[in-house]
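Below is one structure, written out as structure tokens, with a few remarks after it.
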Amino acid sequence: MHQFIGGEHRSGTSGTPFEVLDPSTGDVVEEVLLAGPEDVDAAVGAARAAFGEWSRATPVERATVLARAATLLEERAEELARVESRHAGKPIRLAREFDVPGTVDNTAFFGAAARRLDGMASAEYSGDHTSSIRREPIGVVGSVSPWNYPLQMAAWKVLPAVAAGNTIVLKPAEITPLTSLMLAEVLTEAGAAPGVVNVVTGSGPVAGQHLVGHPDVAMTSFTGSTAVGRQVMATAAATGKRVHLELGGKAPFVVFDDADLEAAVHGAVAANLINAGQDCTAAARAIVHRSLYDDFVAGVADLYRQVRTGPTDDEATDLGPLSSRTHLDKVAGMVERARADATVVCGGRSPGGDLARGCYYEPTVVSDVALGSELWTDEVFGPVLAVVPFDDDDEAIRLANDTEYGLAASAWTRDTYRAGRASREIRAGCVWVNDHIPIISEMPHGGYKHSGFGKDMSAYSFDEYTQVKHVMHDITGIARKGWHRTVFTLPG
Ligand code: NAP
Ligand code: MG
């Protein structure tokens, strides 16, 4: 029963079974019957039927559902963390301390934000009419999410959409559907009417594509790779729907010569290895001043050799597996090809022994990466840090921007002017100064350039999930208005 449609768990009707695996062992976690186009149609139908009432619910009614959901999620925190850890291959510590609390906080935030959908003040801008702004929901939202943070990505899509009065059909990545189903169940238990939140678990090319192209879906919000994002945009174009895309990243991590080296080294390890590097904002390219370069590379490599790679259910594990065998092969292939024109300082292989059953890859530092090479330009999405040196500030900024992506970046310096310049000149949706990774519900997340457009989290996400209506109300009661003369003048 892996479809959640109209408030009920159902079985998919595609006839295609799919095994959800634990990437740390290769064991089957659950067998799913995937959704086919009929299941998507049923979910869109349920969302459409629920839209009228949900869109007319008062802000406080929607806020109450979300506040209750936050409490229910907290009550189920341990269960959510375990399921998330198992099917996404996350160390349990990360699931417990990051994924689940982040989702609870997001839910509470959107509960509060549902009551603050502010617009500009009503006023008589023309002198003769009162102009006011209505922020209205769009309709049925069709969302597609990735496997790296299944619960958080589902929450980032579902919460602002329903807080603003839309109804939603979410298609999670087929390899990680379980916690998205739990989120939909919790929201429904919290009081969202059947059909407000629906989840179809199926493949991208079948269920995802059908959802994006559905004529009754008014908007698509997508998080995933840039390549699939472009396809999604093309599919959505046929029905002219609104699109919100959160795509790939290749974040620069710029260490200036006055940086606190210890902070930068520890920061790089955390920011590159979080979620085994399968994080769209992960530090991917360390751009380090030549005076600190050797010490930085040696410092990161030293910590990488101490990282505890292990079973995901072990509280002591720092680094879990990659999400799938296919993804492991992709990451390993990129590092192998980089050996031709760069130096693999540590890692660069999968661990043996018990871990060989899983999709593990050792934390890897690659130094002197060739500019323009695949490791410099393409998203690895694994525990691999590419490092290059620079000589002056102009070069550092140029290298930081030498990417088609623009999701996130960081600058490490104790000089306030340098920090200010980097914050202004690095073209990315988020620039951290002397840190890299922290996210907060109140602030927006979203890309520049080929990392997409539109914002997740924060009140800015309401710009994606609402449309603005101008209501202009005549207050004069004059039948023959002065401005009519511009269009017609009665004879005589
Ligand atoms: P992906 O391969 O692009 O897949 C993302 C989702 O799209 C999955 O649910 C996938 O379904 C679905 N899909 C595939 N083809 C489709 C199609 N033709 N039409 C509609 N949907 C389709 O990405 P991923 O490998 O899951 O996730 C990793 C990527 O996500 C990275 O590039 C990462 O940077 C990006 N990401 C971005 C952000 C952000 O906020 N900007 C956050 C997290 C991740 P199936 O896999 O089930 O077939
Ligand atoms: Mg996929």
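Order of appearance sets the numbers: ligands from 1, and atoms from 1 within every ligand.
Heavy-atom distances between S145 and ligand 1 reach below 4.0 Å in at least one pair. Ligand 1 has at least one atom lying under 4.0 Å from a heavy atom of F222.
Other residues, nucleotides and ligands contribute only 12 or fewer heavy atoms inside 6.0 Å of the OH atom of Y460.
Checking only distances, G204 does come within under 3.5 Å of ligand 1, N or O to N or O. Not a single N or O atom of S203, backbone or side chain, sits closer than 3.5 Å to an N or O atom of ligand 1.
Salt bridge status for K250 with D378: absent, with no side-chain N to carboxylate O gap under 4.0 Å.
By the criterion of a heavy-atom distance under 4.0 Å, the side chain of H445, and not its backbone, is placed next to ligand 1. For T223, heavy-atom contacts with ligand 1 shorter than 4.0 Å involve the backbone as well as the side chain. Residue contacts with ligand 1, taken as heavy atom pairs separated by less than 4.0 Å, involve N148 solely via side-chain atoms from C-beta onward. At a 4.0 Å heavy-atom cut-off, ligand 1 touches E379 through the side chain alone.
Note: H436 and W412 fail the aromatic proximity criterion, with ring centroids not under 6.0 Å apart.
Taking each heavy atom of T312 and Y360 in turn, the nearest pair found is N-OH, 4.1 Å.
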